[in-house]
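Written below as structure tokens is the structure these notes are about.
Just so it is clear, the structure is predicted and the values come from calculations on it, not from any experiment.
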Amino acid sequence: MTSAPRTSTTERHAPPSGPGVHVALVLLAVASGAADAFAFLQLGGIFTANMTGNLVLAGMFTRPGWPATVAGAATAVVVFAAATWWGFRASPPPRAGVRYPRRSIGVLAATAIAAQSALVGVWAAVSGVRGGTVDLAWSCLLVALSAAALGVQTVLAKRLSGASGLTTTFVTGTLTSLMEGIAEHRQGSRLVQAAVVVALVAGAVAGTALAHVAPPVAPLLPLVLVAVATVVLLRPPRR
């Protein structure tokens, strides 16, 4: 009796495709850059998307304000890890030839939007009372909300991009995959990978500018961008 052929790793992890997915990934990268810029500038020099940066900051024990940095960095890393764990558990990996479930996209996107919305609300309330500054406890809460949003957003991007090596919250892997593909003359989403790298920088520039000219609304930019990306992903396919 012949057993059914096994699905290869490449097939099991084939990503959803189409211009809408690519546009959404770029929007998510812009949102990540903006969110990290806001967190670093307004929440005590902590990253909420780039966990590698937080781990390095936690080790810089001669840095002024290091105990507060460790508290913020530890909060970000733990919450980000928990959010990504939950996100991967809550969403199945994509399969070749099967449209990625809109329900999974909706669950991940809605969770990220909810966390980012809570951040916007808390920031507006706390910064308004304290004149644009927050103490360590409030800062850690805001860091946790941002890290939760970006952790789930990271899972969404990974589910959308599959095994292509594309991420939207930390782009070292994306940049590495891009250079690997160019060096080895591989076919792949080079244009999208390059666009994601540029988009992260653009988001950081936009987030920095907004934090400088209008601090109370600075965290709105990532929220709006993720919401637009969600609309792009969930709109009905053309017939």
Side-chain angles (χ1 to χ4, degrees), residues 11-36 38 48-49 79-80 82-121 145-171 173-174 188-189 191-200 202-203 206-207 210 217-239:
E11 290 177 334
R12 282 190 283 112
H13 294 282
S17 60
V21 171
H22 297 162
V23 170
L25 288 169
V26 171
L27 288 172
L28 292 175
V30 178
S32 296
D36 248 354
F38 164 76
T48 53
V79 174
F80 185 93
T84 53
W85 177 87
W86 175 86
F88 284 122
R89 292 283 295 179
S91 62
R95 291 183 296 165
V98 178
R99 182 176 176 82
Y100 195 68
R102 291 163 62 86
R103 179 183 177 278
S104 296
I105 293 174
V107 167
L108 293 173
T111 304
I113 289 172
Q116 188 67 36
S117 298
L119 166 64
V120 170
L145 290 170
S146 183
L150 289 161
V152 176
Q153 180 183 316
T154 299
V155 176
L156 176 59
K158 290 286 285 183
R159 289 308 194 206
L160 292 173
S161 61
S164 65
L166 196 155
T167 58
T168 58
T169 50
F170 52 96
V171 298
T174 299
S189 303
L191 182 60
V192 180
Q193 290 172 329
V196 163
V197 174
V198 173
L200 190 81
L210 200 55
V217 300
L220 272 175
L221 180 58
L223 173 60
V224 170
L225 290 168
V226 175
V228 173
T230 302
V231 171
V232 171
L233 289 169
L234 294 181
R235 65 183 178 181
R238 293 180 180 179
R239 295 183 177 180

* Asked: Quick one: are I105 and L160 in side-chain contact, heavy atoms under 4.5 Å?
  -> yes
* Should F80 and T48 count as side-chain neighbours, where that means a heavy-atom distance under 4.5 Å? -> no
* **Least distance between heavy atoms, T84 atom then G151 atom** => CG2-O, 3.3 Å
* **Derivation of the side chain to side chain contact (heavy atoms under 4.5 Å, CB included) call for W86 and L108** => CA-CA 10 Å; W86 175 86; L108 293 173; 4.2 Å; yes
* To do: Would you give the length of the straight line joining atom OG of S117 to atom CG of L223, rounded to the nearest 0.5 angstrom?
  => 4.5 Å
* Does the side chain to side chain contact (heavy atoms under 4.5 Å, CB included) test come out yes or no for V21 and L233, once each step is laid out? -> CA-CA 6 Å; V21 171; L233 289 169; 4.3 Å; yes
* Flag, side chain of S104 to backbone of S91, donor-acceptor distance under 3.5 Å -> no
* Structure fact -> Here the gap from L28 atom CG to T230 atom OG1, rounded to the nearest 0.5 Å, amounts to 7.5 Å
* Asked: Side chains of Q153 and V226: does their closest heavy-atom pair fall under 4.5 Å?
  -> yes
* Write down the atom of G20, the atom of V232, and the distance for their closest heavy-atom approach. => O-CG1, 3.3 Å
* **Minimum heavy-atom distance L150-A35, with the two atoms named** => CD1-CB, 3.7 Å
* Atom pair CG (L225) and CG (L220), whose distance is rounded to the nearest 0.5 Å -> 10.5 Å
* Asked: Quick one: does Q116's side chain have a donor or acceptor within less than 3.5 Å of a partner on P219's backbone?
  -> yes
* Is there a side-chain contact between R159 and V155 (heavy atoms, below 4.5 Å)? -> yes
* Asked: About how many Å separate CD of Q193 and CG of L191, when rounded to the nearest 0.5 Å?
  -> 9.5 Å
* Trace of the side chain to side chain contact (heavy atoms under 4.5 Å, CB included) decision for T167 with T154 -> CA-CA 7 Å; T167 58; T154 299; 5.5 Å; no
* Asked: Rounded to the nearest 0.5 Å, how far does OG1 of T168 lie from CG of L200?
  -> 8.5 Å
